[in-house]
Amino acid sequence: MDSRLAADLTGLPDLLTAARDYAATVLDGLPDRPVAVPAPDVAPAPLPVTGAGASGALAEFRDRWAPGFSGSAGPRYLGFVTGGATPAALIGDWLTGTFDQNAVTRQDSSAVDLERETVAWLRELFGLSDAHTGTFVTGATMSNTVGLAIGREWLGEQRGVSVSRQGVGALGDIAVLSGAPHSSIYKALAMLGVGRDQLRTVQLLADREAVDVAALEEELRKGPAIVVANAGTVNTVDFDDLRAIAALKSKYAFWLHVDAAFGAFAALSPEHAELLAGLDLADSICVDLHKWLNVPYDAAVQFTRRRDLQVSVFQNTAAYLTLPSGDPDLFHLTPENSRRLRALAAWFSLAAYGAEGHREIVTRNIAAARRLGGRLAEIPGARLLSPVRLNVVCFGVDRDVPALLAAVASSGEAFLTPTVYQGVPALRAAFSNWRTQESDADRVITVLRDLLT
Ligand SMILES: *Cc1c(COP(=O)(O)O)cnc(C)c1O
């Protein structure tokens, strides 16, 4: 054995303690760490020939790389939709690497059963029935991709062809309909050979990002389609009327995929759960977990009612005519073959805090968003562009948006991201971190006021 490797094996408990102490220091300083810093230029180092051992690597990481890392796991990183990692989720993540299970089959480990238990917990959390099965993937983009791949197979079933065997060319025209789809939907369509141009955006309701269901119905009259409904758009967190869309299924043939990447967590807020009425009727559903569940990157779940079609697409057997039956091994369900036990961090957080603990995070984040939205009126030149429907504040300013955002970021106090809403350059502040308090919203107001007045 390489001498450094041998020394690290002997010294493993001490090395883990050193790593633990370092992590504790980092986490302790997180609320006060500059939220986002422009990435410093770090000169690339040559490949080490003889390494430095784990403690040397830790020292080098701490000195060369860690200073440029953002405080994105902290309370005032409000860009995109970004969660942190609850204490229990972090422990679960550490233990994922510790056990290093290849979580795909029950042949040698109960890890797959832990994933199934976690999926069942999540299903209940989001109010889904057990008609839905679920599988872990890396993020909402991959969850959307899997859902749309199953939808593509369903479209083949309608037309008497098997896309997974004959290819997407066998399908002919493919209609994908959505009101205000996330960019990842276009990416998924590109990956799936459907093509970005096949997405037909459907008329929205006035002053909303929710689809006009009557306009959608007009499109559905033209023949079988894949509908991507949105439960929580990134700009204004608008929700399509899922119940009304699902009701159209009695009249028209379509695959209903719902992108509920972070909007699914509205189910935890009694005041907002109604926004998701009808979700269970979807054929496939995307929910991100590294956003509002606050587990570390990367984790999401995808649900579907048609696992048979899912297996047709993703099965990984040489003899392709004998499909796996019963509860298939997990490499028959998603693009990955080998995979980490991604569910463990989610399992830990749910075991530690339960539905109530996670409800408290969601409702506290919503309260913080409302506070920021409410106090914007105090700042001359700032105005809400949409009501605060859930956890995102979308607002405009009488200033150059990129310059203002850069100034906010370099204050170290907060990080927000830009958007364009109804043709207007705008800012978004998205609340989804377990550490965030309403006082953090006040700190954002203070920075904005200082910069804008
Ligand atoms: C974040 C997001 C995605 C993409 O999620 P990733 O985890 O970054 O792949 C897709 N849809 C919606 C609505 C999102 O908010």
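Just follow the structure's listing: the first ligand is 1, and inside any ligand the first atom is 1.
Using a distance-only test at 3.5 Å, with no hydrogens or angles considered, no donor-acceptor pair links the side chain of E360 to the main chain of H358. Distance alone, capped at 3.5 Å, places no donor-acceptor pair between the E209 side chain and the A180 backbone. One N or O on the side chain of T436 and one on the backbone of N433 form a donor-acceptor pair closer than 3.5 Å.
Within ligand 1, the atoms closer than 4.0 Å to a non-hydrogen atom of D288 are 1 (C), 5 (O), 6 (P), 7 (O), numbered from 1 in the order shown. Counting atoms of ligand 1 from 1 in the listed order, those under 4.0 Å from a heavy atom of G139 are 7 (O), 9 (O). For ligand 1 and V234, the ligand atoms under 4.0 Å from any heavy atom of the residue are 15 (O). Ligand 1 places these atoms under 4.0 Å from at least one heavy atom of A261: 2 (C), 11 (N), 12 (C), 13 (C), 14 (C), 15 (O). Near G232, with a cut-off below 4.0 Å to any heavy atom, the atoms of ligand 1 are 13 (C).
Ring pair W292/F265 is tilted by interplanar angle, where 30° to 60° counts as tilted.
Counting non-hydrogen atoms of neighbouring residues, nucleotides and ligands closer than 6.0 angstrom, the CG atom of D400 exceeds 12 such neighbours.
Residue contacts with ligand 1: F262 is placed with no nitrogen or oxygen under 3.5 Å of a nitrogen or oxygen of the ligand (distance criterion only).
What sits closest to atom 9 (O) of ligand 1 on the protein, heavy atoms only, is T141 OG1, 2.6 Å. Distance from atom 11 (N) of ligand 1 to its nearest protein heavy atom, with residue and atom name: D259 OD2, 2.8 Å.
Within the 4.0 Å heavy-atom criterion, both parts of A140, backbone and side chain, lie near ligand 1. Contacts between F80 and ligand 1, counted as non-hydrogen atom pairs separated by less than 4.0 Å, are absent for every part of the residue.
Comparing heavy-atom distances from atom 1 (C) of ligand 1 across H290, M142, K291, H182 singles out K291 as nearest.
Between H132 and V119 there is no side-chain heavy-atom pair separated by less than 4.5 Å.
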Practice task
Evaluate side-chain hydrogen bond (donor to acceptor under 3.5 Å, both in side chains) for E153 paired with Q310, printing each intermediate quantity in order.
Solution key: CA-CA 8 Å; E153 197 69 7; Q310 179 171 21; over 6 Å; no
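No salt bridge links D329 with R106; every basic N to acidic carboxylate O contact stays at or beyond 4.0 Å.
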